[in-house]
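Right, one structure below, let's go through it.
When a residue number appears, it is its place in the shown sequence, counting from 1.
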Amino acid sequence: MDLSKYEILINDLSSIEAEVATLKDQIRDNALRTDESDSIIQRFKQENSLLKSKLTELEIEIENLKKQPDTFNLLNSKEREGLKAKLQDVISKIDYHLSADRQV
């Protein structure tokens with residue numbers, strides 16, 4: 001009878017050891033994912049900062065162009081439309097990254 005109690009105790013301890021090992025692996029995996037997520041967030045923050053700087057530069061450039069209306073009129077309509085499309089694309093990208101940053 002004492003032997004069976006000992007065997008039960010050993011089995012219980014083995015089961016607990018297996019559960020602890022599983023939990024340890026899960027914690028390690030979660031830590032790795034957290035580190036990866038932190039790295040991605042940092043990269044997005046840097047990219048967001050760069051995009052904000054570009055936006056500021058573009059806004060200044062637009063203001064300077066507004067002060068010199070003749071400069072914009074030197075472009076033909078196709079060039080103006082191309083410039084507008086490029087600016088809209090940059091603004092859309094910046095808006096996307098800004099909205100993604102707010103969600104993080």
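Ile62 is linked by a side-chain contact (heavy atoms from CB on, under 4.5 Å) to Lys66, Leu87, counting only residues two or more places apart in sequence or in another chain. A search for salt bridge (Lys or Arg N to Asp or Glu O under 4.0 Å) contacts involving Lys93 returns Asp89, not counting sequence neighbours. Partners of Glu81 according to the side chain to side chain donor-acceptor pair (under 3.5 Å) rule, which considers only residues two or more places apart in sequence or in another chain, do not exist here. Applying the side-chain contact (heavy atoms from CB on, under 4.5 Å) rule to Leu32 yields no partners; only residues at least two apart in sequence or on another chain are considered. Partners of Glu59 by side-chain contact (heavy atoms from CB on, under 4.5 Å), not counting sequence neighbours, listed by chain and number: Leu55. In terms of the salt bridge (Lys or Arg N to Asp or Glu O under 4.0 Å) criterion, Asp29 has no residue partners (sequence neighbours excluded). Residues forming a side chain to side chain donor-acceptor pair (under 3.5 Å) with Asn30 (at least two apart in sequence, or on another chain): Arg33.
Ile91 belongs to no hydrophobic cluster with other residues, because no ILVMFWY side-chain heavy atom falls under 4.5 Å from its own, directly or through intermediates. Cluster partners of Leu13, using a side-chain heavy-atom cutoff of under 4.5 Å among ILVMFWY residues and allowing indirect links, are Leu9.
To the nearest 0.5 Å, atoms CG (Asn48) and CD1 (Ile41) are separated by 12.5 Å. Note that the NZ atom of Lys45 and the CG atom of Asp38 stand 9.0 Å from one another [nearest 0.5 Å]. Note that the CZ atom of Phe44 and the CG atom of Leu51 stand 11.0 Å from one another [nearest 0.5 Å]. Taking CD from Glu36 and OG1 from Thr34, the interatomic distance works out to 9.0 Å, rounded to the nearest 0.5 Å. The distance from the OG atom of Ser92 to the NE2 atom of His97 is 11.0 Å, given to the nearest 0.5 Å.
Applying the side chain to side chain donor-acceptor pair (under 3.5 Å) rule to pairs touching residues 14-26 yields Asp25-Arg28, sequence neighbours excluded.
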inquiry  = Pair Ser39, Arg43 - check side-chain contact (heavy atoms from CB on, under 4.5 Å), show working.
reply    = CA-CA 6 Å; Ser39 175; Arg43 188 169 29 101; 5.6 Å; no

